[in-house]
Amino acid sequence: MTARATRTGGRAEYAEETDDLDVEEALALVREPRADNGPDTGGSTRGGQVPAPAAQEGHASDDRHHKAVPWPQARETAARAVRTGARRAPVTVPVADALGLVLAAPLTALTDLPSFDTSAMDGWAVAGPGPWDVREEGVLAGHGPAEPLTDGEAVRIATGARIPPDTTAVLRSEHGRTDAKGRLHPTRDMGHGQDIRPRGQECRSGDQLLPVGTLVTPAVLGLAAAAGYDTVTAVPRPRAEVLVLGDELLTEGLPCDGLIRDALGPMLPPWLRALGADVTRVRRLGDDARALHKAVTSSDADLIVTTGGTASGPVDHVHPTLRRIGAELLVDGVKVRPGHPMLLARTKDGQHLVGLPGNPLAAVSGLLTLAEPLLRTLAARPAPEPYTLPLKEAVHGHPYDTRLIPVVLRGDHAVALHYNGPAMLRGIAAADALAVVPPGGARQGQETELLDLPWAAAGIGVCFT
């Protein structure tokens, strides 16, 4: 039998959990204080509901912060966490299903493009100098070759139609007139080969069109189809599973009686898809150590994402679960606000776990700090080019840690948004990016690194694939 712990937590309340955890792990749940999210965050990782008692914040909290790594180092660790042998094998997918994937083989021209001389305009194919006698039947796109033209002869032609042999040029519809005898005259000078797309103008068969590592965009889909591809070889999307922790979370209705709405369950799956993952499952486990252990050990996802439970409180089960399964802890806390008590672990070969804090904006910080670089590596996506913009106004910083602040882009400046506390989503919901504010803050006009939100430039219909 397993006793369920309350938020006040106590040694007696955990006495019956030893059938689920060993004695040391069960005691650790009580001994370790909940790590505070810092004076600028307003509380713990679980919405500030149970701040660590002052008497307990000393040694263990300092030790947890001592293990925290600088924000740039955490991102670099996440990007390098995937071992070479653990990467997923390339797959062959229909062109229509490849959007958002990365090419695992070069896109090589299967034919000349265009594969025959083509009219670039609606008008007349003409031979020799004008005026020209016009044939009765025209030439349409999608039809076989027309009869050769002779000097002084023209034929109506549609855009994309095959050019008749011996054609000199295409005369655009707006640049020609016919006289009373039906003869065609040009209304302006024209050159040899005008408005004809010659065979192989764009590429020759065997030319490399795009290299390995190219992100498949809508334009890439069009190029692949034009080049004759039915399928492409690509890196499959990494599979992600989301585990939502916390007994205090509601899935519908208004907050009441100490319960709050779950913001991360609805938010994380589309955000992970925007980062290139295929979200296979979202599970709500509450504060149940046994359920968390079972979910983690039974998952076949490449990435497990947990929400909350990453600190040291009586119902924060992520660390004890990782110790129990022998996971390799790669990042245990990051010097960033909000989101300090985030973590990254290798649970087994080919699988990682990113533990996000429970506060919504802190979770976003963890997502972009640890999950984004990891997923980018798994999907073989190139790292985005870093860029900076000056700040419109000064931004206060944390004395020792990096801050991530929601901003909007206005002209050539970034404007910091209000409502940027760790439990708030109002700022990030209106944001274009997150500004990376160094320890100590940033002055007005200071060039500051920006992290684009994945939908800010591309549009929702493109990135959520």
Side-chain angles (χ1 to χ4, degrees), residues 4-9 28-29 32-38 41-52 61 64 68 240-251 255 258-269 271-272 279 281-296 299 303-324 327 329 331-334 336-345 347 352-371 421-425 428:
R4 294 302 312 277
T6 68
R7 287 223 169 268
T8 54
L29 291 175
E32 295 180 359
R34 177 181 295 274
D36 187 53
N37 210 15
T41 63
S44 72
T45 60
R46 196 58 72 74
Q49 296 176 0
V50 188
S61 181
R64 178 63 54 79
E241 183 171 350
V242 178
L243 307 180
V244 180
L245 312 181
D247 287 343
E248 75 278 22
L249 301 178
L250 295 170
T251 59
L259 303 178
I260 61 174
R261 280 294 296 270
D262 171 27
L264 298 181
M267 181 174 71
L268 290 181
W271 205 315
L272 289 165
V279 180
R281 193 173 185 185
V282 178
R283 302 181 62 188
R284 290 175 169 82
L285 304 182
D287 289 318
D288 187 327
R290 175 177 292 177
L292 177 61
H293 177 269
K294 182 177 179 180
V296 171
S299 175
L303 172 63
I304 302 169
V305 177
T306 63
T307 69
T310 56
S312 308
V315 290
D316 288 335
H317 298 307
V318 175
H319 280 93
T321 298
L322 293 175
R323 289 195 297 269
R324 183 182 180 192
L329 201 56
V331 174
D332 188 11
V334 179
V336 66
R337 305 291 166 145
H340 164 263
M342 64 181 75
L343 63 86
L344 169 65
T347 51
H352 293 80
L353 182 146
V354 168
L356 302 178
N359 273 326
L361 189 58
V364 169
S365 174
L367 197 64
L368 296 180
T369 300
L370 298 177
M424 299 180 181
L425 288 174
I428 192 70

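Nothing fancy with the numbering, it's 1 onward along the sequence.
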To the nearest 0.5 Å, what is the distance between [atom1] ([X]) and [atom2] ([Y])?
X	Y	atom1	atom2	result
His352	Thr347	NE2	OG1	7.5 Å
Thr321	Lys294	OG1	NZ	14.5 Å
Leu249	Leu259	CG	CG	8.5 Å
Asp287	Glu248	CG	CD	6.0 Å
Leu329	Leu344	CG	CG	8.0 Å
Leu285	His293	CG	NE2	13.0 Å

Practice task
Just jot down the side-chain contact (heavy atoms from CB on, under 4.5 Å) partners of Pro255, sequence neighbours excluded, or say none.
Solution key: Arg261
Exercise for the section: Just jot down the side-chain contact (heavy atoms from CB on, under 4.5 Å) partners of Met424, sequence neighbours excluded, or say none. Expected result: Tyr419
Exercise for the section: Using the side-chain contact (heavy atoms from CB on, under 4.5 Å) rule, take Asp262 and Thr307 through it: C-alpha gap first, then chi angles, then the decisive distance, then the call. Expected result: CA-CA 10 Å; Asp262 171 27; Thr307 69; 5.8 Å; no
Do [X] and [Y] have side-chain heavy atoms sitting under 4.5 Å apart?
X	Y	result
Leu343	Leu353	yes
Leu292	Asp288	no
Trp271	Val279	no

Exercise for the section: List in chain and number order the residues that pass side chain to side chain donor-acceptor pair (under 3.5 Å) with Ser365, two or more places apart in sequence or in another chain; answer none if no residue qualifies. Expected result: none
Fill in the blank from the handout: For Arg283, the side chain to side chain donor-acceptor pair (under 3.5 Å) test, sequence neighbours excluded, returns none
Tell me the closest heavy-atom pair linking [X] and [Y], and the distance in Å.
X	Y	answer
Ala363	Leu356	O-CD2, 3.7 Å
Ala240	Leu272	CB-CD1, 4.4 Å
Leu245	Gly308	CD1-O, 3.6 Å
Ala423	Asn359	CB-OD1, 3.5 Å
Arg284	Gly265	NH2-CA, 3.6 Å
Leu264	Pro269	O-CD, 4.0 Å

Completion exercise
Sorted by chain and number, sequence neighbours left out, salt bridge (charged side-chain N to carboxylate O under 4.0 Å, His left out) with Arg281 holds for none
